[in-house]
Amino acid sequence: MKKIQLDETTEDLETCKGSKDVEMTTADETTTSKHEEVEGDIENHKANNEILEAKSLLQIDHEVHRTENSSKIIANKPVQYAALCDVFEKLEEETGRLKNLAIASEFFCDILKRGVNQDVAEQNLIEVTYLMINRLGPDYEPDLELGLGETLLLKALAQSTGRELRHIKDDYHKAGDIGKVAQISRSRQPIMFKPKPLTIHQVFQNLAEVAKSTGNSSQSRKIGIINRMLAACAGQEAKFLMRSLEGKLRINFGEKSVLVALAKAFAEFECGTGNHSESEADLNALVRAQDQIKEAFAQTPNYEMIIHNCLKYGVGHVAEHCTLKPGIPVKPMLAKPTKSITEIMDTLQDRKFTCEYKYDGERAQVHLLPDGSMRVYSRNSENMTERYPDLIPVIDELRAKNPEIRSLILDSECVAWNLESHEILPFQILATRKRKEVQEKDIKVRVCLFVFDVLYFNGESIIQKPLNERREYLDKHVIEIPEKLQFATRLDSTSVDEMSAFLDQSVHDSCEGLMIKALFGKESHYEPSKRSKYWLKLKKDYLEGVGDSLDLVVIGGYIGKGKRTGWYGGFLLASYNQDTGEYESICKIGTGFSEELLASLTEQLKPKETPKPKPSYVYDKDNSNAEPDVWFEPSMVFEVKVADLTTSPLYKSGASYFGNRDKGISLRFPRFIQIRTDKATEDATSSEQIVEMYESQAVVQS
DNA sequence: GTAGGGTTGTCGC
DNA sequence: GTCAGACTTATTCGG
DNA sequence: CCGAATAAGTCTGACGCGACAACCCTAC
């Protein structure tokens, strides 16, 4: 059994955990996570894998057995998976956010009310919450990925239904949703005897089991678990089970909504039963609950801690007990894209603001813990410490330069750095760094941190101070280490001309563009997870008429999934090689279309389908991923906007102009702009031009 | 048995 | 990462 | 001053490239 630190007071946790062991079956091992102890006083036991494995699918029997023996446990009827699926179904049907909020919070509230005691309620709610956001634990916990996707799921379905894979695939193309295929297949299967209904606890535990299967023949083990679960599915369960496994619940209800629904549920739970009056006091409590939960989650993105503290202290006080602390990632603040400098001036008006280079690397939230250890978290709150062992000595050096630093959270961009030429390297180079078991001596691509914010310093959260004050902390306490840890280049100016020049300069210095941030007042506080209008990003390719725009030939199509069922969901594009008269694949495109256009494109291109690719199509014939679902006769030209050109292992555009015929060119962040009805396919951007564009960009970058 | 290529999944952008 | 679409919430406008 | 029309802000789910990691399978 494990202990976790949920807040600063842990003594009474001990006692409640003890009783939980009696009432719950195996909840502890499955849902509690290995929180990194912050101040170093908490033990950290590993989950007992052997017990977990043995228990996995025998769970139902276990629960029934216990029910017969203890009256106390009869009251603790496990929550049925079917009940959750009913909720999923309702959420999927309803598109109104407020209505969905009500549906979800009512369910959460029921879970809270039906628990025989607080621990049972807590455990049930945690599992339901995780199933609803389709995760198995906090973002920063490693090894919680299911490790299966479309392909494996289709295989599992074929196996469990005894149908041929290609029939399953046909169905999938028609339905656009693996869940629906599973549903239909299952309803067609004769059922010998009625299976025992699935419980939430069991589903959650089996998903964890899937995630935990690794190594030899792990894929067939995963399929085995899935098929045993499928066999126990009734009603809508198969559909949502498959969607959970695929990672696309499609219930119009994401993580942000789940948080608000939790707040609503707790508010109603606390204000008593059945009282749905809309009194002013209740409304205030609701608003407060939402604010508190959102704030708590932004600073401590861990549902277990939040739910625990809500029950313990009340929703109205969660935020006080889920505070920012080194060792737990903060949800990073995000920026809004802007189309022009004019737009920036409009939004910020006469406010003072600052411009910083927008570096092309990886977001890195660097934590220094009081015990001297450090962590690095990614944009999505994943623990990246293992990826950057070379940052440990950098932070050590930082502490050596200023021994007063005891604890710290920095926000920065981690960028590949050329130690010889003392220059920034492109993102594609950074991406080649290993991710796991990185030894410092093996690192080839060096890295420099460009720090732009500080959120925590020596035991104090400073996110609620204006940016100019946070910067004072930076300038005063954090000492730059050349080529290892530097401040983001900044310019405090309100002049349009200066900004424009600074933008050009940033691009010239291998950056993506600028970040523009308010400097003073409440607007300039660090708001975790918020895409604030006082944090703006300006990239050249956002500007109209600026940045790279290409005209490319549509040579293939992809069958749309989900809300694009029935249409093409994307297209394969090619540049035209004027020397050979061939069409060379360059990228897929799937964004920038209105639904109306997608429907019309489907209509227009359907007649152009051809069973085989034209002989003039150049694509990677050794890689099955290079083939679209359908090929077209060349007939249409798309104008496409792009952020960058990249070398590609898959696409062939311009390959013949390189010495190495293997590598062609592809596009970073391609999006559809319009159909070029005025252009014949031979008038498309030529492969030679593509190479020119790539090289002119490469000059700047190297 | 293992070495290496192909395929799939995950996670950066 | 980009983008569109559906809602919700804030703001402006006309009576 | 109020309600309707409009604008702005949020959230969700479509889809992009390419890198590593993990697994499977085949050849030796």
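Naming: A, B, ... by sequence-line order, numbering from 1 per chain. In this text the structure is predicted, and so the values were computed from the model without any measurement.
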Whole-Å distance, Y534(A) OH to dA8(D) P, equals 13 Å
Inset, instruction - Please check the phosphate of dC23(D) (OP1 and OP2 only) for any side-chain N or O of K222(A) closer than 4.0 Å. - result: no
- Determine whether the side chains of Y542(A) and E343(A) contain a donor N or O and an acceptor N or O closer than 3.5 Å. no
Just to be sure I understand the rule, does I673(A) reach a base, reach only the sugar-phosphate, or reach nothing, if contact means heavy atoms closer than 4.0 Å?
nothing
Strictly below 4.0 Å: does Y558(A) bring a side-chain N or O up to OP1 or OP2 of dC15(D)?
no
Of dG13(D), dG1(C), dT8(C), the nucleotide closest to the side chain of R97(A) is dT8(C)
* Salt-bridged, R135(A) to E255(A), with N to O below 4.0 Å? -> no
inquiry  = By the 4.0 Å heavy-atom rule, please label P649(A) as base, sugar-phosphate, or nothing.
reply    = sugar-phosphate
Practice prompt. Look at all strands and tell whether L598(A) reaches a base, only sugar-phosphate, or nothing, counting heavy atoms closer than 4.0 Å.
Written response: nothing
query = Is R668(A) reaching over with its side chain to a backbone N or O of T646(A), donor-acceptor style, under 3.5 angstrom?
reply = no
To the nearest angstrom, the CD1-P distance between I665(A) and dG18(D) comes to 11 Å
Once you apply a heavy-atom cut-off of 4.0 Å, does F253(A) come out as touching a base, just sugar-phosphate, or nothing?
sugar-phosphate
Strictly below 4.0 Å: does Q428(A) bring a side-chain N or O up to OP1 or OP2 of dA19(D)? yes
5'-most contact on DNA chain D (nearest-nucleotide basis), I586(A) vs T347(A), goes to T347(A)
Using OP1 and OP2 only, check whether a side-chain N or O of S648(A) sits under 4.0 Å from dG18(D). yes
>> Under 6.0 Å from the ring centre and within 45 degrees of the ring axis: does the NZ or CZ of K174(A) meet both conditions for the six-membered ring of Y172(A)?
In response: no
D620(A) atom CG is separated from dG5(B) atom P, nearest whole Å, by 15 Å
Looking for any heavy atom pair under 4.0 Å, which part of the strands does F571(A) touch: base, sugar-phosphate only, or nothing?
nothing
Should the pair K663(A) and F658(A) be classed as cation-pi, given the thresholds of under 6.0 Å to the six-membered ring centre and 45° from the axis?
no
Are K212(A) and E209(A) within salt-bridge range, i.e. N to O under 4.0 Å?
-> yes
(request) Please determine if a side-chain N or O atom of K533(A) lies less than 4.0 Å away from the OP1 or OP2 oxygen of dG9(D). (result) yes
Separation between CD1 (I344(A)) and CG (L514(A)), nearest 0.5 Å, reads 7.5 Å
Counting only side-chain nitrogens and oxygens, does Y568(A) get under 4.0 Å of the OP1 or OP2 atom of dC15(D)? no
- Message: If only side-chain N and O atoms count, and only distance matters, is there a donor-acceptor pair under 3.5 Å linking S687(A) with S575(A)?
- Response: yes
In terms of side-chain geometry, is the basic nitrogen of E246(A) or K561(A) positioned less than 4.0 Å from the acidic oxygen of its partner?
no
Given protein heavy atoms under 4.0 Å, the one-letter contact record of nucleotides 6-13 of chain B, with B base, S sugar-phosphate only and - none, is simply -SBSSSSB
Rounded to whole Å, CD1 of I429(A) lies from P of dC17(D) at a distance of 20 Å
(message) I want to check one thing: is the phosphate of dA4(C), taken as OP1 and OP2, less than 4.0 Å away from some side-chain N or O of R564(A)?
(response) no
K540(A) with D548(A): basic N within carboxylate O range, under 4.0 Å: no
S666(A) has its side chain closest, among dC15(D), dC17(D), dA21(D), to dC17(D)
Reckon G562(A) touches a base, only the sugar-phosphate, or nothing at all at heavy-atom distances under 4.0 Å?
sugar-phosphate
message = Considering every strand and a 4.0 Å limit on heavy-atom distances, what is the contact class for K99(A): base, sugar-phosphate, or nothing?
response = nothing
Tell me whether the side-chain N/O atoms of K563(A) come closer than 4.0 Å to OP1 or OP2 in dA14(D). no
Atom CE of M132(A) and atom P of dT12(D) are separated, to the nearest Å, by 12 Å
Item to complete: Would you mind classifying the nucleic acid contact of K561(A) as base, sugar-phosphate or nothing, using non-hydrogen atoms under 4.0 angstrom?
Response: sugar-phosphate
Check your understanding: Between K539(A) and dG1(C), does any side-chain N or O lie under 4.0 Å from OP1 or OP2?
Key -> no
Whole-Å distance, I223(A) CD1 to dC24(D) C1', equals 12 Å
Quiz item: Between dA4(C) and T591(A), is there an OP1 or OP2 to side-chain N/O distance shorter than 4.0 Å?
Solution: no
(request) Return no unless some side-chain N or O of T646(A) is found under 4.0 Å from OP1 or OP2 of dG18(D). (result) yes
- Counting any heavy atom closer than 4.0 Å, what does K155(A) reach on the DNA or RNA strands: base, sugar-phosphate only, or nothing? nothing
Between CD of E343(A) and C1' of dG9(D) the distance, given in whole Å, is 13 Å
Rounded to whole Å, CG of L334(A) lies from P of dT12(D) at a distance of 14 Å
Sorted by position of nearest nucleotide on DNA chain D, 5' first, the leading residue of K436(A) and N252(A) is N252(A)
